[in-house]
Asks: 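I am attaching a structure below and will ask some questions about it afterwards.
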Amino acid sequence: MKKQDFATIIGIIAGIAVIMWGILKNTPLSVFYDTASFIITVLGSMMALLVNFPLSEIKRLIPVMAQSFKELKMSNFETIQLFTSLSKKARREGLLSLEDEVNNIGDDYLKKGLQMVIDGIEPETIREIMELEIGEMERRHKAGQDMLKSWAAYAPAFGMIGTLIGLIQMLVNLTDSSSIASGMAVALITTFYGSVIANLIFTPMAAKLAARTDKEAGIREMMLEGILAIQSGVNPRIVEEKLLCYLSPKDRIKYAAQNGEALEGVQQNG
């Protein structure tokens with residue numbers, strides 16, 4: 001089960017709090033509420049999203065957004081420690097001894113790779129299948145990110161449409177000079193809604209999901225190298241050293257400190 005990513009929650013709540021503080025400092029909150037502006041900006045941009053993407057993709061939007069509130073199941077450190085342990089057992093008891101370990105692994109990608117090793121599938125075939133899995137994962141994630149980026153682009157655009165509607169309605173009633181100021185304020189609210197939605201929610205979410213995809217792809221590439229190293233029967237220490245190459249120099253030092261080892265020749269400026 002994935003852990004909650006509180007940074008996303010804190011960021012959205014704190015962002016809203018800052019905006020609310022800026023509003024309430026000089027004006028009542030009611031000035032910034034307009035039902036028609038909200039409908040034009042949110043529902044209008046959502047309808048544009050329906051035009052852009054097939055319904056099958058739109059149905060995945062909520063689960064995609066939910067992923068930005070979750071952390072990855074396994075860290076780089078945990079991956080290295082797991083493969084070090086698995087390689088030791090495989091060298092000591094044979095590849096078939098990993099059958100019990102596979103049943104206790106929660107990551108489907110890792111479980112699939114290790115099962116193919118146990119089944120005796122050729123390493124070239126394993127690499128090909130597992131790399132296809134990584135590519136397909138990146139494609140799925142990119143589709144979700146593209147939806148969020150598109151919504152982030154449409155929301156301010158529909159905010160501007162709402163502003164233009166408001167301005168037109170205001171110009172029609174120019175004979176009533178007392179309504180011009182209030183009409184201008186209402187006209188600008190849709191632009192405000194669109195900017196907040198795009199820059200506080202959708203654009204940051206898309207960026208976070210893109211960064212998470214890169215991180216997950218990196219962990220899966222690390223897993224693939226570990227799987228193939230176990231299959232080839234190399235020394236567990238060599239397996240560990242190979243996987244350490246996926247860490248930054250700073251993280252290698254941290255890993256060494258956590259595992260009570262001294263990694264020499266590692267500099268922090270890399």
Side-chain angles (χ1 to χ4, degrees), residues 1-5 7-8 49-83 86-87 95 98-99 101-154 201-232 239 242-243 245-248:
M1 187 175 180
K2 291 188 177 182
K3 299 179 288 186
Q4 290 295 321
D5 177 13
T8 303
L49 208 63
L50 283 170
V51 175
N52 194 350
F53 295 93
L55 189 60
S56 59
E57 292 291 330
I58 297 294
K59 289 179 179 178
R60 295 180 51 247
L61 187 57
I62 298 301
V64 166
M65 294 175 66
Q67 291 303 311
S68 65
F69 294 92
K70 298 177 182 179
E71 290 281 8
L72 294 177
K73 296 178 183 178
M74 190 178 294
S75 68
N76 287 339
F77 287 9
E78 292 170 335
T79 302
I80 295 173
Q81 290 167 351
L82 175 61
F83 273 101
L86 291 175
S87 62
L95 292 175
L98 300 179
E99 189 78 54
E101 300 292 335
V102 169
N103 295 329
N104 297 324
I105 292 174
D107 187 276
D108 292 336
Y109 179 84
L110 177 55
K111 181 182 292 187
K112 180 176 182 177
L114 288 174
Q115 188 61 57
M116 286 192 290
V117 169
I118 294 170
D119 293 341
I121 296 176
E122 292 295 322
E124 293 81 6
T125 304
I126 294 176
R127 180 179 291 279
E128 182 180 353
I129 292 173
M130 302 305 279
E131 286 179 347
L132 284 173
E133 287 268 2
I134 295 174
E136 181 60 20
M137 179 268 294
E138 291 176 329
R139 187 199 64 78
R140 289 195 310 270
H141 288 194
K142 185 177 182 301
Q145 295 157 25
D146 287 344
M147 282 192 289
L148 290 176
K149 290 177 183 177
S150 295
W151 203 345
Y154 294 143
I201 301 176
F202 296 137
T203 298
M205 276 188 176
K208 171 160 276 189
L209 290 175
R212 188 156 296 161
T213 296
D214 290 341
K215 184 177 180 181
E216 187 170 353
I219 290 177
R220 288 193 172 191
E221 288 171 2
M222 179 190 296
M223 288 178 177
L224 176 55
E225 289 301 323
I227 289 167
L228 295 176
I230 288 175
Q231 186 183 44
S232 64
V239 174
K242 287 184 70 173
L243 298 186
C245 294
Y246 286 88
L247 301 182
S248 67

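Bear in mind that the values here come from a model prediction, so they are computed numbers and not experimental data. Numbers here are sequence positions counted from 1.
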Asks: Assess whether side-chain contact (heavy atoms from CB on, under 4.5 Å) is satisfied between I80 and M222, documenting all intermediate values.
Replies: CA-CA 8 Å; I80 295 173; M222 179 190 296; 4.0 Å; yes
Asks: Taking all heavy atoms of Q231 and all of I121, pick out the closest pair and write down the distance.
Replies: NE2-O, 2.7 Å
Asks: How far apart are the closest heavy atoms of K208 and A7, and which atoms are they?
Replies: NZ-CB, 3.9 Å
Asks: Do L228 and V117 make a side-chain contact, defined as non-hydrogen atoms from C-beta onward lying under 4.5 Å apart?
Replies: no
Asks: State, to 0.1 Å, how close A206 and K149 come at their nearest heavy-atom pair, and which atoms those are.
Replies: CB-CG, 3.7 Å
Asks: Listing request: all ring-ring contact (aromatic ring centres under 6.0 Å, His included) pairs with a residue in residues 131-151, at least two apart in sequence or in separate chains.
Replies: W151-F202
Asks: I would like to know whether Q145 and M205 meet side-chain contact (heavy atoms from CB on, under 4.5 Å); could you show each step before the answer?
Replies: CA-CA 8 Å; Q145 295 157 25; M205 276 188 176; over 6 Å; no
Asks: Evaluate the side-chain proximity of M137 to T213: yes if any heavy-atom separation is below 4.5 Å, no if none is.
Replies: yes
Asks: Sequence neighbours left out, cut at 3.5 Å: what donor-acceptor pairs do the side chains of residues 124-134 make with other protein atoms?
Replies:
residue, atom, partner, partner atom, Å
R127, NH1, E225, OE2, 3.4
R127, NH2, E225, OE2, 3.3
E133, OE2, K112, NZ, 2.5

Asks: For the atom pair CZ (R139) and CD (E136), what is the distance rounded to the nearest 0.5 Å?
Replies: 4.0 Å
Asks: Any salt bridge between D107 and K111, counting N to O under 4.0 Å?
Replies: no
Asks: What's the spacing between L114 CG and E101 CD if we round to 0.5 Å?
Replies: 9.5 Å
Asks: Between I118 and L95, which heavy-atom pair has the shortest distance, and what is it?
Replies: CG1-O, 3.7 Å
Asks: Any carboxylate oxygen within less than 4.0 angstrom of a Lys/Arg side-chain nitrogen, looking at E216 and R220?
Replies: yes
Asks: What heavy-atom pair brings L224 and Y109 nearest, and what distance separates the two atoms?
Replies: CB-OH, 3.9 Å
Asks: With a 4.5 Å limit on heavy-atom distance, are the side chains of N52 and Y154 in contact?
Replies: yes
Asks: Can you tell me how far CG of L110 sits from CD1 of I227, rounded to the nearest 0.5 angstrom?
Replies: 5.5 Å
Asks: What pair of heavy atoms forms the shortest contact from L243 to G226, and how long is it?
Replies: CD2-N, 3.8 Å
Asks: For side-chain contact (heavy atoms from CB on, under 4.5 Å), just list the numbers for F83 and I230, CA-CA rounded to whole Å, side-chain angles, deciding distance to a tenth of an Å, and then say yes or no.
Replies: CA-CA 8 Å; F83 273 101; I230 288 175; 3.5 Å; yes
Asks: Donor-acceptor pair, distance only, cut-off 3.5 Å: does the side chain of R212 make one with the backbone of Q67?
Replies: yes
Asks: If we ignore hydrogens and angles and just use 3.5 Å, is the side chain of T8 paired with the main-chain N or O of S68 as donor and acceptor?
Replies: yes
Asks: Nearest 0.5 Å please: distance from the OG1 atom of T79 over to the CD1 atom of I219.
Replies: 5.0 Å
Asks: Hey, what do you get for CG (L49) to CD (E57), rounding to the nearest 0.5 Å?
Replies: 10.5 Å
Asks: In Å, rounded to the nearest 0.5 Å, how long is the span from CG of D214 to CD of E138?
Replies: 7.5 Å
